[in-house]
Amino acid sequence: MTTLGGTNLPRVGGYNQAVVLDAIRTRGTVSRVELAALTGLTNQTVSNVVRKLLDAGLVTETGHAPSSGGKRRTLLSPRPDGAYAVGVHLDPDSAVIVLVDLAGKVIVSRRLRLTAPDVPADVVDRVARAVQRLIGRSAVDPARLLGLGIAAPGPIDGASGCVVEPPNLPGWDRVPLVEMFAKATGLPVALDNDATAAAIGERWIGGESRAGSFLFIYLGTGIGAGIVLNNTVLHGDSGNAGEFGHMPVEPGDRVCHCGSTDCLGPYCSPAAILDDLLRRHGRTAADRIGLAGTPDSLHDDWRALRRAARTGDQDARDVVRRAARRIAQATRGAASLLDVSRVVLGGEALRGIEPILLEEIDSAVNRTSVARSIRRVAIERSVIGDTVGAIGAASLVLHGNYAPGWRLLTDSAD
């Protein structure tokens, strides 16, 4: 995670405030007495912290709890208009831009087609101008706009704020995206890979249903994973934890960009599944489904194949299920290693084929999991939906400012 620039924007002043705000966000509505029990802080400390959060406009009092014989307890809730962030998800053919409030609700959004994705300067210029127009359209209070988050294909060099030769963005060799976007927009900028950003967004928005630990499997142009353990996002020593596409599978004839022939990615990306359809079922099946089969038609072809699988085409379902079984086996290994109680699936490329993946992953994980006699691993769809990458990017900023134990922008202690 990399950041640039300073801010005078509303934020929490230290760890205790972050803990209390996170508890209010996670529960949705809660009293001060309940906060003391949830956080382990004293009632006096909670009262002091809540007063600061109220003064900062980050929480609000929203009525009273039912009486239990004494004074009715005042309830607290997050204040959605307390802060805002912009998120950008960069993909090889498009950029999805969202502006979200503190609760993660999308205020305005736009999808921008990238006509020259192999020219980073052009991409940054076009996206930055679109960001500024989106902010102008939103009419949000500029004083409460915390910054800009970027979710990009990895690998990421967090120390320098660069993307480093992402296989799905040819020509992007150590592109300093943080510096470039900060200069182009004048905003503080955070950068992470798209799968980790998606997991952060899921944790931020999911409330109690995403508290604790989970493995987020993300399918876009490629396949990746985000890892949350005990409410902490894992980045790894180089900032690239979750390279799910390099999980080993049975060796075959497809060479990964890393040089190996036993990586999951070359068998389970949208392009690989489309290729598998041609290999196994021929041009007749491709024509029936309506595949153009050109490099420029990948997005439309993948949408057509998903539609065919959803409506019952047996050839389409066959290749999707073959890929789903490989993903399921890799997920079983990752879930066993991490001992998570939940696996979440997300990403725009999954639309329409989630039931097949959910079924295969559930079967693989819960049939053979070492901990299956203790608890079942929940296999669920993302609570965010198709825009999980862009909302996750915006959540980098919100989470970095307001999540306990992880400061995106420096502030003073309590």
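Reckoned from all heavy atoms, side chains included, excluding hydrogens, waters and symmetry mates.
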Quiz item: Are side-chain N/O atoms of H281 and D276 paired as donor and acceptor at under 3.5 Å?
Solution: no
Quiz prompt | Residues in side chain to side chain donor-acceptor pair (under 3.5 Å) contact with T26, at least two apart in sequence or another chain | solution = none
Quiz item: If you measure from the Lys or Arg side-chain nitrogens to the Asp or Glu carboxylate oxygens, is any gap between R321 and E360 under 4.0 Å?
Solution: yes
Quiz item: Under the 3.5 angstrom rule, does the side chain of Y267 hit a backbone N or O of R254 as a donor-acceptor pair?
Solution: yes
Practice problem: Mind running side chain to side chain contact (heavy atoms under 4.5 Å, CB included) on V233 and I227 for me, showing each step along the way? | Solution: CA-CA 6 Å; V233 181; I227 305 164; over 6 Å; no
Show me the donor-acceptor pairs within less than 3.5 Å that the side chains of residues 237-245 make with the rest of the protein, sequence neighbours left out.
unit_1: S238; atom_1: OG; unit_2: N240; atom_2: ND2; d: 3.3
unit_1: N240; atom_1: OD1; unit_2: I156; atom_2: N; d: 2.8
unit_1: N240; atom_1: ND2; unit_2: I156; atom_2: O; d: 2.9
unit_1: N240; atom_1: ND2; unit_2: S238; atom_2: O; d: 3.2

Self-check item: Closest non-hydrogen atom pair between S77 and T62, with its separation
Solution: OG-OG1, 3.0 Å
Quiz item: Among side-chain atoms of N48 and T45, is any donor-acceptor pair under 3.5 angstrom?
Solution: no
Exercise. Answer yes when R210 and E380 have at least one side-chain N-carboxylate O distance shorter than 4.0 Å, and no when they do not.
Key: yes
Quiz item: Of L169, D157, L177, I150, which meets side chain to side chain contact (heavy atoms under 4.5 Å, CB included) against V163?
Solution: L177
Quiz item: Taking only residues two or more places apart in sequence, or in another chain, which ones meet Q314 in a side chain to side chain contact (heavy atoms under 4.5 Å, CB included)?
Solution: R317
Practice problem: Mind running side chain to side chain contact (heavy atoms under 4.5 Å, CB included) on L148 and F181 for me, showing each step along the way? | Solution: CA-CA 8 Å; L148 169 67; F181 272 108; 3.9 Å; yes
Practice problem: Applying side chain to side chain contact (heavy atoms under 4.5 Å, CB included), run through N366 and I379 and close with a yes or a no. | Solution: CA-CA 9 Å; N366 286 306; I379 315 296; 4.2 Å; yes
Quiz item: Any idea which heavy atoms bring A130 and R110 closest together, and the distance?
Solution: CB-NH1, 3.9 Å
Quiz item: Taking only residues two or more places apart in sequence or in another chain, which ones pass salt bridge (charged side-chain N to carboxylate O under 4.0 Å, His left out) with E61?
Solution: R32
Quiz item: Partners of D101 by salt bridge (charged side-chain N to carboxylate O under 4.0 Å, His left out), sequence neighbours excluded?
Solution: none
Quiz item: Are D81 and R144 ion-paired here, with the side-chain N under 4.0 Å from a carboxylate O?
Solution: no
Quiz item: How close do P155 and P167 get, heavy atom to heavy atom, and via which atoms?
Solution: CD-CD, 4.4 Å
Quiz prompt | Backbone of C256 reached by a side-chain donor or acceptor of S260 within 3.5 Å | solution = no
Exercise. For the pair D313 and R288, find out whether any cationic side-chain nitrogen is under 4.0 Å from an anionic carboxylate oxygen.
Key: yes
Quiz item: What are the two closest non-hydrogen atoms of F214 and R203, and how far apart are they?
Solution: CZ-N, 4.0 Å
Quiz item: So, D194 side chain and A151 main chain: donor-acceptor pair closer than 3.5 Å or not?
Solution: no
Self-check item: Ionic contact status for R111 with E348, cut-off 4.0 Å
Solution: yes
Quiz prompt | Test salt bridge (charged side-chain N to carboxylate O under 4.0 Å, His left out) applied to R322 - qualifying residues, sequence neighbours left out | solution = D318
Exercise. Among D296, D91, D93, find the residue that satisfies the salt bridge (Lys or Arg N to Asp or Glu O under 4.0 Å) test when tested with R113.
Key: D93
Quiz prompt | Least distance between heavy atoms, L54 atom then T60 atom | solution = CD2-CA, 3.9 Å
Quiz item: Taking only residues two or more places apart in sequence or in another chain, which ones pass salt bridge (charged side-chain N to carboxylate O under 4.0 Å, His left out) with D287?
Solution: R283
Quiz item: What's the verdict on side chain to side chain contact (heavy atoms under 4.5 Å, CB included) for L112 and R126, showing C-alpha distance, side-chain angles and the deciding distance?
Solution: CA-CA 9 Å; L112 181 68; R126 292 194 62 210; 3.3 Å; yes
Practice problem: Determine, for R25 against D22, whether the closest basic-nitrogen to carboxylate-oxygen distance falls under 4.0 angstrom. | Solution: yes
Quiz item: Is any NZ, NE, NH1 or NH2 atom of the basic residue among R367 and D362 found under 4.0 Å from an Asp or Glu carboxylate oxygen of the other?
Solution: no
Quiz item: Can you name the ring-ring contact (aromatic ring centres under 6.0 Å, His included) partners of H246, sequence neighbours left out?
Solution: H257
Practice problem: Check whether any side-chain N or O of S297 sits under 3.5 Å from a backbone N or O of T294 as a donor-acceptor pair, and report yes or no. | Solution: yes
Quiz item: Counting only N and O atoms by type, is there a donor-acceptor contact under 3.5 Å from the side chain of W204 to the main-chain atoms of L398?
Solution: no
Quiz prompt | All side chain to side chain contact (heavy atoms under 4.5 Å, CB included) counterparts of A271, not counting sequence neighbours | solution = S269, L298
Quiz item: Are the side chain of S213 and the backbone of N230 linked by a donor-acceptor contact shorter than 3.5 Å?
Solution: yes
Self-check item: With N168 via side chain to side chain contact (heavy atoms under 4.5 Å, CB included) - residues at least two apart
Solution: P92, T221
Self-check item: Non-hydrogen atoms of A225 and I217 that approach each other most closely
Solution: CB-CD1, 4.2 Å
Practice problem: Could you tell me whether the side chain of E34 and the main chain of S31 form a donor-acceptor pair under 3.5 Å? | Solution: yes
Quiz item: Would you find a donor on one side and an acceptor on the other, under 3.5 Å apart, between the side chain of D301 and the backbone of L291?
Solution: no
Quiz item: How would you list all residue pairs meeting side chain to side chain donor-acceptor pair (under 3.5 Å) that involve residues 386-395, not counting sequence neighbours?
Solution: R351-D386
Quiz item: Is there a donor-acceptor contact under 3.5 Å linking the side chains of Q329 and R332?
Solution: yes
Practice problem: Just jot down the side chain to side chain contact (heavy atoms under 4.5 Å, CB included) partners of V106, sequence neighbours excluded, or say none. | Solution: V98, V100, S109, I391
Practice problem: Output yes when R129 and D125 qualify as a salt bridge under the 4.0 Å nitrogen-oxygen rule, no when they do not. | Solution: yes
